[in-house]
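Written out below as structure tokens is the structure these notes cover.
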Amino acid sequence: MLMGMMIGSKVPEVSDKNKKRAEEFWLYGASTKELAKAWDKPVSIAELKTCSNCEYFDNRARTLKAIKASPDQGACTKFNFVCSQEKACQAWDCREADLDFEQ
């Protein structure tokens with residue numbers, strides 16, 4: 001269901017200015033230790049939170065082509081910049097599908 005919603009969505013506009021803002025105010029690219037402290041979580045939990053599994057990460061082929069990004073990057077749809085799938089920031093949020101623990 002989530003994939004169906006993504007197909008018709010627009011490609012986000014990205015900016016280096018937005019990336020600098022995310023680095024400064026949201027700890028984008030900070031160490032796992034720094035993010036764990038900001039989230040008040042153990043480092044082992046912070047290591048699991050990366051842009052690649054964040055709600056706001058868009059790495060559809062159409063998006064990557066439009067923003068001229070490499071396959072290990074994507075668009076942060078919350079802050080509108082090109083991010084790395086291996087980094088994270090304080091705004092990391094779980095995808096809705098990941099929250100479905102009950103069966």
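Side chains included, hydrogens not; waters and symmetry mates left out as well; all remaining heavy atoms used.
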For a side chain to side chain contact (heavy atoms under 4.5 Å, CB included) check, start with the C-alpha distance between Glu13 and Asn80, then their side-chain angles and the critical distance, and finish with the verdict.
CA-CA 6 Å; Glu13 293 185 26; Asn80 297 322; 5.7 Å; no
For the pair Ser31 and Glu34, evaluate side-chain hydrogen bond (donor to acceptor under 3.5 Å, both in side chains) and give the outcome as yes or no after the intermediate values.
CA-CA 5 Å; Ser31 72; Glu34 290 172 301; 3.2 Å; yes
Decide side-chain hydrogen bond (donor to acceptor under 3.5 Å, both in side chains) for Asp58 and Thr63; before the verdict, give the C-alpha distance in whole Å, the side-chain angles of both, and the deciding distance to 0.1 Å.
CA-CA 7 Å; Asp58 179 357; Thr63 299; 2.9 Å; yes
Step by step, would you call Asn53 with Trp92 a side chain to side chain contact (heavy atoms under 4.5 Å, CB included)?
CA-CA 9 Å; Asn53 60 21; Trp92 183 93; 2.9 Å; yes
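To the nearest 0.5 Å, atom NZ of residue Lys68 and atom NZ of residue Lys65 are 10.5 Å apart. Expressed to the nearest 0.5 Å, how far NZ of Lys49 lies from CD of Gln90 amounts to 10.5 Å. Between the CD atom in Gln73 and the CD atom in Glu86 there is a gap of 10.5 Å [rounded to 0.5 Å]. The CZ atom of Phe81 sits 4.5 Å away from atom SG of Cys76, with the distance rounded to the nearest 0.5 Å.
Between Pro12 and Ala75, the shortest heavy-atom contact is CG-CB, 3.5 Å. Minimum heavy-atom separation, Glu55 to Cys94: OE1-O, 3.6 Å. Here the closest non-hydrogen pair linking Gly74 and Leu64 is CA-CD2, 4.0 Å. Of all heavy-atom pairs between Arg60 and Lys10, the closest is NH2-O, 3.4 Å. Nearest heavy atom pair, residue Gln85 against residue Pro71, reads OE1-O, 4.2 Å.
Under the 4.5 angstrom side-chain criterion for Ile, Leu, Val, Met, Phe, Trp and Tyr, the cluster partners of Val82 are Val11, Val14, Ile67.
Using a 4.5 Å heavy-atom threshold, the side chains of Tyr56 and Cys83 count as separate.
Here the side chain of Trp39 pairs no donor or acceptor atom with the backbone of Ala46 at under 3.5 angstrom.
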List the atom pairs, donor and acceptor, that lie under 3.5 Å between side-chain atoms in residues 20-30 and the rest of the protein, sequence neighbours left out.
{"unit_1": "Arg21", "atom_1": "NH1", "unit_2": "Asn18", "atom_2": "OD1", "d": "3.2"}
{"unit_1": "Tyr28", "atom_1": "OH", "unit_2": "Ser84", "atom_2": "N", "d": "2.9"}

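Residues passing the side chain to side chain donor-acceptor pair (under 3.5 Å) test with Ser52, sequence neighbours excluded: Thr50.
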